[in-house]
**Student:** 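The structure is given below, and queries will be raised subsequently.
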Amino acid sequence: MSNERLQTGKDGYIRIVVGQSSYKDDKRYDQEDYLFTRPAFIVSNQAATNNKKLKTLIRVLGMILGKDQVKKYINYYNSTTDGARKIVDDLTSKGIYLANIKDDKEEIISYIEKITKEEGQNTKIKLLLLGSKAIDALNKYSENKNIEVYTYLHPSPIITDLAFKEFVPDKIFDYKFREYSTPKEIKKNFTIKEQNVEPSVPYTENNTQTDIES
């Protein structure tokens, strides 16, 4: 992490989105002057060839900015010479930072401790922890009154689209989201309801009496 002070958004909060680990190979985007090891979730310019390869990033942007803003940010890859940096710079100007628990755990904890011990009530943080590793490492800070902690599934492409439907613009991918019945629908209409009746007696060779014979 750089020595530069983190910026706050217009609402007075610093937002830190924490994932699990970096992309591999050419998909990973490195930025030497970034406050954490690298901006997590951001796809390198050379790997951003279609929206399918940006699936994780699209999901994260939707959670941060709302689905209506996603296409604007994704279009930076086509409309500027360095779309990845443009996305990062815009997010940073809004007080939004992207980190991975594998690379940045100690730095995140150090910064949180600094805020809570040295800066008192003036600075507040919202953490969005994505995936079990980030949640297990940082969820304890939900008890701090200066920190709001939100948790969710990791936005990996292997996770069903349905879990991120509220954050992803319609028709941004070249396929339709698969629709499922809701848990409420299944529970209401399919699940057997418990009834206060005596269970029927199963037939056996030793259980052949009729009501008349008994």
Side-chain angles (χ1 to χ4, degrees), residues 1-2 4-100 102-104 107-108 125-131 134 150 152-178:
M1 179 189 278
S2 131
E4 183 182 346
R5 181 185 178 87
L6 272 68
Q7 298 182 50
T8 59
K10 290 182 178 180
D11 60 357
Y13 282 90
I14 294 167
R15 286 172 168 78
I16 305 176
V17 185
V18 186
Q20 302 202 137
S21 59
S22 300
Y23 294 128
K24 301 187 185 303
D25 304 324
D26 67 336
K27 194 173 182 180
R28 183 171 62 199
Y29 175 69
D30 291 311
Q31 185 173 311
E32 291 184 1
D33 59 348
Y34 196 61
L35 294 176
F36 292 105
T37 304
R38 62 181 55 85
F41 308 109
I42 302 296
V43 177
S44 66
N45 294 298
Q46 61 267 31
T49 55
N50 58 65
N51 285 352
K52 188 174 181 181
K53 292 189 176 181
L54 300 173
K55 194 169 192 177
T56 296
L57 175 59
I58 286 170
R59 291 172 168 183
V60 173
L61 290 175
M63 285 188 273
I64 296 171
L65 301 164
K67 65 164 62 178
D68 293 340
Q69 294 294 311
V70 170
K71 290 184 179 179
K72 168 188 170 183
Y73 278 77
I74 293 303
N75 284 339
Y76 287 154
Y77 282 110
N78 298 319
S79 62
T80 65
T81 56
D82 190 348
R85 184 169 189 109
K86 174 64 175 170
I87 295 172
V88 173
D89 288 348
D90 273 21
L91 294 179
T92 301
S93 71
K94 292 177 170 61
I96 301 162
Y97 297 88
L98 309 172
N100 281 316
K102 181 178 180 180
D103 301 325
D104 306 305
E107 296 289 356
I108 296 168
I125 297 177
K126 292 188 178 187
L127 294 175
L128 177 58
L129 310 179
L130 302 177
Y150 301 88
Y152 205 65
L153 299 170
H154 191 274
S156 165
I158 66 173
I159 304 299
T160 175
D161 287 316
L162 188 63
F164 295 89
K165 186 177 180 181
E166 293 300 315
F167 307 113
V168 175
D170 296 335
K171 300 180 181 179
I172 197 166
F173 301 115
D174 57 359
Y175 60 86
K176 293 182 179 180
F177 289 133
R178 184 183 297 277

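Since the model is a prediction, treat every value here as computed from it, not as a measurement.
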**Student:** Of all heavy-atom pairs between Tyr34 and Thr92, which one has the smallest distance, and what is that distance?
**Tutor:**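 Between these two residues, the closest heavy atoms are CE1-OG1, 4.0 Å.
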**Student:** If I take atom NZ from residue Lys86 and atom CG from residue Leu91, how far apart are they, to the nearest 0.5 angstrom?
**Tutor:**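 These two atoms lie 10.5 Å from each other.
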**Student:** State the CZ-OH distance between Arg85 and Tyr76, to the nearest 0.5 angstrom.
**Tutor:**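 Result: 14.5 Å between the selected atoms.
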**Student:** How close do Gly19 and Ala134 get, heavy atom to heavy atom, and via which atoms?
**Tutor:**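 Gly19 and Ala134 have their closest heavy atoms at O-CB, 3.8 Å.
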**Student:** Walk me through whether Leu57 and Ile74 qualify under side-chain contact (heavy atoms from CB on, under 4.5 Å).
**Tutor:** CA-CA 9 Å; Leu57 175 59; Ile74 293 303; 4.2 Å; yes
**Student:** Does Lys52 have more than 12 heavy atoms from other residues, nucleotides or ligands lying within 6.0 Å of its NZ?
**Tutor:**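 No.
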**Student:** Considering all heavy atoms of both residues, which atom of Tyr73 and which atom of Leu61 are nearest to each other, and what is their separation?
**Tutor:**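 That would be CB-CD1, 3.9 Å.
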**Student:** Might you confirm whether atom CG of Asp170 has over 12 heavy atoms from other residues, nucleotides or ligands at distances under 6.0 Å?
**Tutor:**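 No.
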**Student:** If every non-hydrogen atom of Arg28 is compared with every non-hydrogen atom of Ser22, which pair is closest and at what distance?
**Tutor:**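 Scanning both residues, the minimum pair turns out to be CD-CB, 3.7 Å.
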**Student:** Surrounding CD of Gln46 (heavy atoms of other residues, nucleotides or ligands, distance under 6.0 Å), is the total greater than 12?
**Tutor:**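 Buried by this count: over 12 neighbours within 6.0 Å.
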**Student:** Hey, what do you get for CG (Leu35) to CD1 (Ile108), rounding to the nearest 0.5 Å?
**Tutor:**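 Rounded to the nearest 0.5 Å, the CG-CD1 separation comes to 12.0 Å.
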**Student:** Run Phe36 and Asp103 through side-chain contact (heavy atoms from CB on, under 4.5 Å) and show every step you take.
**Tutor:** CA-CA 8 Å; Phe36 292 105; Asp103 301 325; over 6 Å; no
**Student:** Going through the distances and angles, do Ile125 and Leu6 end up as a side-chain contact (heavy atoms from CB on, under 4.5 Å)?
**Tutor:** CA-CA 11 Å; Ile125 297 177; Leu6 272 68; over 6 Å; no
**Student:** To the closest 0.5 Å, what do you measure between CG (Leu130) and CD1 (Ile159)?
**Tutor:**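 That separation rounds to 11.0 Å.
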**Student:** Any side-chain heavy atom of Asn51 within less than 4.5 Å of one from Leu54?
**Tutor:**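 Yes. Closest side-chain heavy atoms under 4.5 Å.
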**Student:** Give a yes or no on whether the backbone of Ala40 and the side-chain of Asn100 come within a donor-acceptor separation of less than 3.5 Å.
**Tutor:**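 No, the answer is negative, given that no donor and acceptor are paired below the 3.5 Å cut-off.
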**Student:** May I ask you to decide if Arg15's main-chain N or O and Lys94's side chain share a donor-acceptor pair within less than 3.5 Å?
**Tutor:**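 Side chain of Lys94 to backbone of Arg15, a donor-acceptor pair under 3.5 Å: no, none is there.
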**Student:** Please report the interatomic distance CE(Met63) to CD1(Ile58), rounded to the nearest 0.5 Å.
**Tutor:**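 If we round to the nearest 0.5 Å, Met63:CE and Ile58:CD1 are 12.0 Å apart.
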**Student:** Just by distance, do the side chain of Thr8 and the backbone of Gly95 share a donor-acceptor pair under 3.5 Å?
**Tutor:**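 No, Thr8 side chain to Gly95 backbone: no donor-acceptor pair under 3.5 Å.
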**Student:** Report the residues that fulfil ring pair (Phe, Tyr, Trp, His ring centres under 6.0 Å) with Tyr23, sequence neighbours left out, ordered by chain and then residue number.
**Tutor:**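 Once residues adjacent in sequence are excluded, Tyr23 has no partner under the ring pair (Phe, Tyr, Trp, His ring centres under 6.0 Å) criterion.
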**Student:** Any salt bridge linking Arg59 with Asp161? Criterion: basic side-chain nitrogen under 4.0 Å from a carboxylate oxygen.
**Tutor:**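 Here Arg59 pairs with Asp161 in a salt bridge, since their nearest N and O are under 4.0 Å apart.
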**Student:** Take Ile96 and Leu65 through the test side-chain contact (heavy atoms from CB on, under 4.5 Å) and record every step on the way to the result.
**Tutor:** CA-CA 10 Å; Ile96 301 162; Leu65 301 164; 4.3 Å; yes
**Student:** For Tyr77 and Val43, indicate whether the former's side chain and the latter's backbone hold a donor-acceptor pair under 3.5 Å.
**Tutor:**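 Pair found, side chain donor or acceptor close to backbone of Val43.
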**Student:** Could you tell me which non-hydrogen atom of Lys71 sits nearest to which non-hydrogen atom of Pro169, and how far apart they are?
**Tutor:**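 For Lys71 and Pro169, the tightest heavy-atom pair comes out as CE-CB, 4.0 Å.
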**Student:** If you define the side chain from C-beta out and look only at heavy atoms, does anything of Val60 sit under 4.5 Å from Leu128?
**Tutor:**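 No, side chains not in contact.
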**Student:** Below 30° counts as parallel, above 60° as perpendicular, anything between as tilted: where do the rings of His154 and Phe41 land?
**Tutor:**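 Tilted.
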**Student:** Measure the acute angle between the ring planes of Phe164 and Tyr152, then classify it against the limits of 30° and 60° as parallel, tilted or perpendicular.
**Tutor:**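 Ring orientation, 0 to 90° scale: perpendicular.
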**Student:** So does Ala84 get a backbone contact from the side chain of Asn45, meaning a donor-acceptor N/O pair under 3.5 Å?
**Tutor:**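 Such a contact is found between Asn45 side chain and Ala84 backbone.
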**Student:** Which heavy-atom pair separates Ala163 from Leu153 by the least distance, and what is that distance?
**Tutor:**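 Closest heavy-atom pair between Ala163 and Leu153: CB-CD1, 3.7 Å.
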**Student:** To the nearest 0.5 angstrom, please state how far the CG atom of Asp104 sits from the OG atom of Ser21.
**Tutor:**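 So the gap between those two atoms works out to 11.5 Å.
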**Student:** Under a 3.5 Å distance rule, please check whether Asn75 uses its side chain to pair with a backbone N or O of Asn78 as donor and acceptor.
**Tutor:**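 Judged by distance alone, no pair lies under 3.5 Å.
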